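Taking it in order: structure first as structure tokens, then the write-up.
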Amino acid sequence: TGGTGLIGKEIVRALGEAGAKVYLGSRNENKAKTNVVICWNESPDVHLLTFDVSRQASVKTGVDYLRGQESRLDILVNAAANRDISSKKVEEITSDDWLKLMQVDLIGAFLCAQQFYPMLAMSSGSNIINIASIYGITAVDQRIYEGTKLSKPTTVTYAAAKAALI
């Protein structure tokens, strides 16, 4: 999941280069198609799997599609993250913003682990990798983002979601 993000895209690339058959999971189909094309040039076994980790029915649709393509799943990487509120100041974040972020960053990892588990159980050495962050255990130092194109993580929401995932 999260195969179009900064970290997710590199995970897809690395797994593909290592010879794995990779399904790039993302809710953003257009961005995912672009990443699949880029990765396809380096590894022809990268495929698109479009679903929204924040919606149980959508995750089930993704699982059903994958089950039609593959008999088992060896690795599930939960890297999806919601950056919709990263530019907001903490005092501007609404409870709806908070819930939306938690739905993707935390509950999405649970839903994927739960729904993909039967396929993972078909492999004797399967793994679930949840991508968290050092910000789950230490404060965000916003200074490291100054002068970069990277968005600053909103301290309270991002750190809470990543801490819960840890």
Side-chain angles (χ1 to χ4, degrees), residues 1-16 22-39 46-66 73 75-117 120 127-166:
T1 67
T4 60
L6 291 172
I7 295 172
K9 182 171 52 177
E10 293 306 316
I11 291 169
V12 168
R13 187 182 313 240
L15 288 171
V22 180
Y23 284 85
L24 184 155
S26 177
R27 67 180 173 193
N28 186 331
E29 187 171 359
N30 290 333
K31 197 171 178 183
K33 283 180 181 176
T34 300
N35 283 358
V36 166
V37 169
I38 291 167
C39 292
V46 176
H47 309 274
L48 176 61
L49 185 59
T50 305
F51 66 98
D52 182 347
V53 300
S54 70
R55 295 179 34 245
Q56 189 166 9
S58 184
V59 175
K60 184 180 182 322
T61 299
V63 170
D64 291 344
Y65 174 81
L66 187 60
L73 179 62
I75 303 170
L76 169 64
V77 179
N78 287 314
N82 182 336
R83 296 290 160 260
D84 294 345
I85 63 171
S86 62
S87 63
K88 287 188 176 184
K89 294 179 181 175
V90 75
E91 61 271 17
E92 298 170 342
I93 298 169
T94 67
S95 60
D96 285 343
D97 291 334
W98 176 275
L99 292 171
K100 202 165 143 187
L101 183 132
M102 290 297 175
Q103 191 68 32
V104 172
D105 289 24
L106 180 60
I107 297 170
F110 162 72
L111 291 174
C112 287
Q114 178 190 55
Q115 297 291 316
F116 283 100
Y117 177 77
L120 289 158
N127 289 284
I128 298 173
I129 302 169
N130 293 320
I131 303 299
S133 172
I134 189 69
Y135 296 143
I137 56 175
T138 188
V140 178
D141 184 351
Q142 300 287 351
R143 295 173 298 178
I144 65 173
Y145 296 95
E146 291 173 8
T148 72
K149 292 181 181 179
L150 298 173
S151 62
K152 297 178 181 180
T154 302
T155 308
V156 174
T157 54
Y158 185 80
K162 296 307 178 181
L165 195 55
I166 293 170

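Values below: every heavy atom of this structure, side chains too, minus hydrogens, waters and symmetry copies. Bear in mind the structure is a predicted one, so any value in this text is a computation, not a measurement.
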* Structure fact -> Between Ala113 and Ile128, the two heavy atoms sitting closest are CB-CD1, 3.8 Å

* To do: Would you mind reporting whether Tyr23 and Leu73 have side-chain heavy atoms less than 4.5 Å apart?
  => no

* Quick one: side-chain hydrogen bond (donor to acceptor under 3.5 Å, both in side chains) partners of Ser54, sequence neighbours excluded? -> Asp52

* Structure fact -> Asn127 meets the side-chain hydrogen bond (donor to acceptor under 3.5 Å, both in side chains) criterion, sequence neighbours left out, with none

* Taking side chain to side chain contact (heavy atoms under 4.5 Å, CB included) as the test, write out the residues that go with Ser95, two or more places apart. => none

* Close side-chain approach of Phe51 and Thr1, heavy atoms under 4.5 Å -> yes

* Residue pairs passing the salt bridge (Lys or Arg N to Asp or Glu O under 4.0 Å) test where at least one lies in residues 101-116, sequence neighbours excluded -> Arg83-Asp105

* Not counting sequence neighbours, which residues clear side chain to side chain contact (heavy atoms under 4.5 Å, CB included) with Gln114? List them please. => Gln56, Phe110, Leu111

* **Straight-line distance of Ile134 CD1 to Lys162 NZ, nearest 0.5 Å** => 13.0 Å

* Asked: Could you give the distance from CG (Leu48) to OH (Tyr65), rounded to the nearest 0.5 Å?
  -> 7.5 Å

* Asked: Asp64: what forms a side chain to side chain contact (heavy atoms under 4.5 Å, CB included) with it, not counting sequence neighbours?
  -> Lys60, Arg67

* Closest heavy-atom pair and its distance - Leu165, Ala109 -> CD1-CB, 3.7 Å

* Sequence neighbours excluded, which residues qualify as side-chain hydrogen bond (donor to acceptor under 3.5 Å, both in side chains) partners of Thr94? -> Asp97

* Asked: Taking only residues two or more places apart in sequence or in another chain, which ones pass side chain to side chain contact (heavy atoms under 4.5 Å, CB included) with Ile131?
  -> Ile7, Ile11, Val77, Ala79, Ile129

